[in-house]
Amino acid sequence: MDKKRKELPHSWYARDAVEIAQALLGKTLRYGDCEGIIVETEAYTTDAASHGKVLTPRSRIMHETYGHWYVYFTYGMHFCANVTTNKDGVGAVLIRAVEPTKGIERMEKRRRTTELRNLCSGPAKLCQAFDITLAENELPIGGAFTIYDAPELPADEIIASPRIGIRQDTELPWRFTIKGNKFTSR
DNA sequence: TACTGGATTCACT
DNA sequence: GTGAATCCAGTAA
């Protein structure tokens with residue numbers, strides 16, 4: 001275990017979701033014994049696709065916090081993990097895919113596959129692999145469920161693309177991936 | 001109270 | 001490429 005690595009401070013998440021979504025690429029996600037490098041993110045603010053568009057009990061955390069986990073249940077069977085952002089505003093970044101680095105055996109059991117590329121290459125897949133559930137919703141980022149700092153990636157290593165198939169009435173959220181990485185979704 | 005649709009995944013064709 | 005699985009949050013009435 002590298003004792004020099006540092007958790008991202010709470011204040012780090014106070015910025016805009018789009019900024020955070022890019023900056024999270026290459027950082028290390030840890031939950032319990034499992035770790036992985038974040039390779040794909042998606043920024044949500046007040047756009048049409050975002051839960052943050054309307055203030056509801058569920059989306060309250062997007063409005064009132066930054067540097068917290070926002071975990072929600074969707075499609076009747078899947079969980080998705082977000083970090084809340086924006087000190088003065090609404091924002092969250094969905095962690096869509098990670099490259100597994102530790103706890104791979106556990107992930108393989110939970111995902112029922114040994115195909116490394118298929119363990120965490122999607123928002124619901126990584127929640128299943130890491131065993132992230134609603135129990136983690138609204139927890140502050142840190143401790144056993146945290147993100148470790150890493151050098152910022154150069155801009156030419158990042159691919160930015162608008163989400164596909166979204167309603168076109170308001171600003172688009174943005175998806176960010178690491179160029180050439182094999183562990184992203186799709 | 002009832003209904004609708006969804007930030008997905010996977011099996012099947 | 002297509003559709004089923006599955007159930008909760010949000011909304012309408």
Side-chain angles (χ1 to χ4, degrees), chain A residues 13 16-25 29 31 34 36 38-86 89-100 106-139 141 145 147 158-178 181-186:
Chain A
Y13 300 95
D16 183 75
V18 173
E19 217 176 301
I20 301 280
Q22 293 176 80
L24 277 176
L25 294 176
L29 169 70
Y31 179 48
C34 297
I38 298 169
V39 299
E40 183 172 341
T41 58
E42 202 160 86
Y44 289 89
T45 53
T46 54
D47 53 81
S50 172
H51 294 173
K53 183 181 60 164
V54 183
L55 176 60
T56 65
R58 183 174 69 164
S59 68
R60 183 185 53 85
I61 188 163
M62 279 179 75
H63 292 252
E64 294 181 359
T65 73
Y66 60 96
H68 283 63
W69 292 105
Y70 169 39
V71 183
Y72 64 87
F73 186 70
T74 190
Y75 290 98
M77 54 179 74
H78 298 303
F79 295 104
C80 294
N82 302 244
V83 301
T84 61
T85 63
N86 293 60
V90 184
V93 175
L94 171 66
I95 300 177
R96 293 189 51 87
V98 306
E99 178 179 336
R106 281 170 188 264
M107 294 186 196
E108 288 175 342
K109 269 189 183 170
R110 293 181 187 130
R111 291 279 301 125
R112 294 178 188 171
T113 177
T114 55
E115 196 187 338
L116 199 60
R117 208 211 79 87
N118 199 24
L119 287 181
C120 303
S121 54
K125 291 179 185 178
L126 86 86
C127 282
Q128 189 181 11
F130 278 71
D131 195 27
I132 297 167
T133 67
L134 283 182
E136 282 71 45
N137 188 31
E138 301 197 13
L139 291 178
I141 297 170
F145 191 12
I147 297 173
I158 298 173
I159 301 172
S161 51
R163 279 194 68 246
I164 303 151
I166 201 63
R167 304 177 200 94
Q168 58 278 64
D169 53 341
T170 55
E171 62 184 290
L172 289 164
W174 285 85
R175 182 177 293 186
F176 299 96
T177 55
I178 297 178
N181 190 283
K182 293 185 175 67
F183 294 87
T184 56
S185 66
R186 267 193 277 228

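What you see is a predicted model, and the numbers here were worked out from it, not measured in a lab. The analysis underlying the following values was restricted to heavy atoms, covering all of them including side chains, and did not include hydrogens, waters or symmetry mates. Naming convention: chains lettered A, B, ... in sequence-line order (proteins, then strands); numbering from 1 in each chain.
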> Begin with the C-alpha distance, continue with both residues' side-chain angles, and end with the deciding distance and a verdict on side-chain contact (heavy atoms from CB on, under 4.5 Å) for A:Glu138 and A:Arg60.
CA-CA 10 Å; A:Glu138 301 197 13; A:Arg60 183 185 53 85; 3.1 Å; yes
> Can you tell me the distance, in whole Å, between the CG atom of A:Leu94 and the C1' atom of B:dT8?
11 Å
> Using atom C1' of each nucleotide, how far apart are B:dG5 and C:dG3 to the nearest Å?
16 Å
> Any chance you could encode DNA chain B as dot-bracket? Rule is Watson-Crick or G-U wobble with both distances under 3.5 Å; [ ] for pairs crossing earlier ones, | for another strand.
||||||.|||||.
> Given the rule in the side-chain contact (heavy atoms from CB on, under 4.5 Å) test, do A:Leu119 and A:Glu115 qualify, once you have shown the distances and angles that lead to the verdict?
CA-CA 7 Å; A:Leu119 287 181; A:Glu115 196 187 338; over 6 Å; no
> Under 30°, 30 to 60°, or over 60°: which ring-plane class applies to A:His51 and A:Tyr70, parallel, tilted or perpendicular?
perpendicular
> Is there a side-chain polar atom (N or O) of A:Arg111 under 4.0 Å from OP1 or OP2 of B:dC10?
yes
> Check step by step if side-chain contact (heavy atoms from CB on, under 4.5 Å) holds for A:Phe183 and A:Leu116.
CA-CA 8 Å; A:Phe183 294 87; A:Leu116 199 60; 3.9 Å; yes
> Looking at B:dT8, C:dC7, B:dA7, which one has an atom nearest to any side-chain atom of A:Tyr75?
B:dT8
> Distance check: side-chain N/O of A:Arg112 vs OP1/OP2 of B:dC10, anything under 4.0 Å?
no
> Determine whether the side chains of A:Ser185 and A:Glu40 contain a donor N or O and an acceptor N or O closer than 3.5 Å.
yes
> Output yes when at least one side-chain N/O atom of A:Arg58 is less than 4.0 Å from OP1 or OP2 of C:dG10, else no.
yes
> For the base of B:dA7 and the side-chain ring of A:Tyr44, does the geometry meet a stacking cutoff of under 5.5 Å between centres and under 30° between planes?
yes
> Residues two or more places apart in sequence or in another chain: which of them pass side-chain hydrogen bond (donor to acceptor under 3.5 Å, both in side chains) with A:Arg117?
none
> Can you tell if the side chain of A:Ile147 reaches within under 4.5 Å of the side chain of A:Val83, non-hydrogen atoms only?
yes
> Between B:dT9 atom P and A:Arg110 atom CZ, what is the distance in whole Å?
17 Å
> Tell me the interatomic distance from A:Tyr72, atom OH, to B:dT8, atom C1', rounded to whole angstroms.
9 Å
> Roughly how many Å is it from CZ in A:Phe79 to C1' in C:dC8, rounded to a whole number?
11 Å
> Between A:Pro123 and A:Cys80, which heavy-atom pair has the shortest distance, and what is it?
CB-SG, 4.0 Å
> State, to 0.1 Å, how close A:Lys125 and A:Asn118 come at their nearest heavy-atom pair, and which atoms those are.
NZ-OD1, 2.9 Å
> When the distance from OH of A:Tyr70 to C1' of B:dA7 is rounded to whole Å, what number comes out?
9 Å
> Calculate the interatomic distance between A:Leu55 atom CG and C:dT11 atom C1'; express it in whole Å.
15 Å
> Which nucleotide sits closest to the side chain of A:Met77: C:dG10, C:dT6, B:dT8?
C:dT6
> Does anything in residues 115-130 of chain A reach DNA chain C, meaning a heavy atom under 4.0 Å, and if so which residues?
none
> For residues A:Arg111 and A:Gln128, is any side-chain donor paired with an opposing acceptor at under 3.5 Å?
yes
> Using atom CE of A:Met62 as one end and atom C1' of C:dA9 as the other, report the distance to the nearest whole Å.
15 Å
> How close or far is atom P of C:dA9 from atom NZ of A:Lys53, stated in whole angstroms?
17 Å
